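A, B, ... follow the sequence lines: proteins, then strands. Residue 1 opens every chain. For clarity, every value in this text was computed on a predicted model and none was experimentally measured.
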Protein chains: 2
Amino acid sequence: MQKSLKVNKNSPQVGLIDGNGMQSEAEAAASAETQLERATENLRGLVLRGAFPVDVKLPETRVAELLGVSRTPARLAMAALEQDGLLVRLPRRGFRVRSFSLDEVVEAIEVRGELEAVAARIAAERGLAGEHRARMEACIGRAEVLLRHAEFDAARRGEWCRMNVDFHDALVGACGIRPLRAAYAKVNLVPLASPRDIMFNVAQPALTRRQLEATHEDHTHILEAILARTSTRAAALVREHAYRSGANKRRNFPDIELRRMVIETPGVALIRTGEADAADVA
Amino acid sequence: MQKSLKVNKNSPQVGLIDGNGMQSEAEAAASAETQLERATENLRGLVLRGAFPVDVKLPETRVAELLGVSRTPARLAMAALEQDGLLVRLPRRGFRVRSFSLDEVVEAIEVRGELEAVAARIAAERGLAGEHRARMEACIGRAEVLLRHAEFDAARRGEWCRMNVDFHDALVGACGIRPLRAAYAKVNLVPLASPRDIMFNVAQPALTRRQLEATHEDHTHILEAILARTSTRAAALVREHAYRSGANKRRNFPDIELRRMVIETPGVALIRTGEADAADVA
DNA sequence: TAAGGGATTTTTGCATGCAAATTCTCAAGC
DNA sequence: GCTTGAGAATTTGCATGCAAAAATCCCTTA
């Protein structure tokens, strides 16, 4: 029996798209050059979606099997997700899925806000360059188009998330500080902390719309402040914007009805509900 | 010929200690549970020390050979250093060592300063808890002891670096914001950007002493401001402290004499000198 | 019946073999 | 002389086998 049996068919095991239609990992996995990248993004999707119980050991054979690859890329993918903070390595016992407290999510959003505030200040001081300015202005326009519609179906939710990611990425990119981008990317790895992770409270559409409109106004004022070169105001607005995002998450999360509706929002499954910050090893 | 030949003897290939006597990777590699951790830390040391030419492909066979392990852990170690930003992955062509501009180092230090400033503000607002306060006060004491000596030999330089790392880590740890710690750790991965990476300008001992005394005074005032619960002042002092650190690096780096003397300071070898930000792919 | 200890089974960690991709070599053609 | 392309030689990426560690199970004993 030769090894050329090629058990792995690159089978499309995990083609799910998330509840907001973002298709994030799916996209990344599709455009992946190597099998490892596919495996990593597929595994990330599985983990964020709660395919594995939290705080429980994750056997690499099962991962390999689920991903349709051998143990080598599966192990590499697990190592990558460990670096992202989603998995914890138990010295000689493999990996387990890490859980996050809601507090940590909110903290991550606030740290993100601080980083974005620095970016906004620098962008305002240096002046906003063409490409980044265009991207941010385009986001304002996209938001206006979306807000004209009364209903937000999955496609519009996805488009809103993409718009939001674009706006924030353009802001952080605009300052041109590479280490700032790296730190920003790092805090965005905390589940639900990234601008992509918007919880649409389908149980309370009126509340959701108010939140989206507030977001849009924030964006408008932030861009305006940057263009006016009022760096302190821009930074303050960005901080407040992040604060609101964290507050929204805190308000929306406990709504059990909501959680049932947006359970596909990647990362929700990893947030501990209720009790204390139990086994929370680094 | 069975595979149990065990070519790898866990041979102590890279037991060098750096110019400041920090023995950082050496320590980590020694206390490592698994061979992969040893390989990773040894490889990190080699890369930071400039054992491989910058911006040039790094064949995994050579890495495996140098580390005395097989290709599997070598590859895993390279993947880990990629996550740390020290190596860049070329899709189907392995890895290469990344170079950094001096500008990026200074930027990383400034971002670090912003994060530490947030930590200081929060610590001041919440009050400094026992353990962290004790660690920071101990650092003040250690610095005073060291400054009583006129000469800074390698051992004292190492102790100074450890003291500095301790102070900054305690500050960031004091606020209790885990995502802040993660972001802080991320920017510290940029070579020369961490509080550990102090360049002792042996060519100008008087200048060096002034810089160390200034550092000590900064630390004293920062701790004082936090204890006095003056959060804004604490944050401002921390920002200024980081600014000075970046300015010192900028001032010290071009000194070619110095660079020859402190070439063992990990990371110096990765900084591009002179010309433009050449091939700087993300 | 519960606890302790040892043997079996599972799982991790690492080395290695193979196929595909890339890079290198070198000569032929413009 | 310089470019170009076909074949050779590396090198990467992945699957798999083996040994050691961990987890589990089962039996003995109090």
Inset, instruction - Take atom CD of E37(B) and atom C1' of dC14(C), then tell me their distance rounded to the nearest Å. - result: 15 Å
Inset, instruction - Output all residues satisfying side-chain contact (heavy atoms from CB on, under 4.5 Å) with E131(A), sequence neighbours left out; order by chain, then residue number. - result: R135(A)
Inset, instruction - Rounded to the nearest angstrom, tell me the gap between atom CD in E82(A) and atom P in dT12(C). - result: 14 Å
Legend entry - Presence of Q35(A) side-chain N/O under 4.0 Å of dG13(D) phosphate oxygens OP1/OP2: no
Every protein N/O lying under 3.5 Å from an N/O of nucleotides 10-12 of chain D:
| unit_1 | atom_1 | unit_2 | atom_2 | d |
| --- | --- | --- | --- | --- |
| dT12(D) | OP1 | E60(B) | N | 3.2 |
| dT12(D) | OP2 | E60(B) | N | 3.4 |

Inset, instruction - Indicate whether OP1 or OP2 belonging to dC14(C) is found under 4.0 Å from a side-chain N or O atom of T72(B). - result: no
Identify all side-chain donor-acceptor contacts of residues 163-171 of chain B below 3.5 Å with residues at least two apart in sequence or on another chain.
| unit_1 | atom_1 | unit_2 | atom_2 | d |
| --- | --- | --- | --- | --- |
| N164(B) | OD1 | H219(B) | NE2 | 3.3 |
| N164(B) | ND2 | P195(B) | O | 2.8 |
| D166(B) | OD2 | R142(B) | NH1 | 3.3 |
| H168(B) | ND1 | E116(B) | OE2 | 2.6 |
| H168(B) | NE2 | H241(B) | NE2 | 3.4 |
| D169(B) | OD1 | Y184(B) | OH | 3.2 |

Inset, instruction - Take atom CG of L87(A) and atom P of dT12(C), then tell me their distance rounded to the nearest Å. - result: 13 Å
Legend entry - Interatomic distance where CZ belongs to R38(A) and P belongs to dG13(D) [whole Å]: 13 Å
Legend entry - Residues forming a salt bridge (Lys or Arg N to Asp or Glu O under 4.0 Å) with R250(A), sequence neighbours excluded: D103(A)
Legend entry - Within-4.5 Å side-chain heavy-atom neighbours: V97(A) and V56(A): no
Inset, instruction - Name all residues meeting the side-chain contact (heavy atoms from CB on, under 4.5 Å) criterion together with A64(A); count only those two or more places apart in sequence or in a different chain, and write none if there are none. - result: R71(A), A74(A)
Inset, instruction - Could you pull out all residues at least two apart from S194(B) that satisfy side-chain contact (heavy atoms from CB on, under 4.5 Å)? - result: N188(B), R196(B), D197(B)
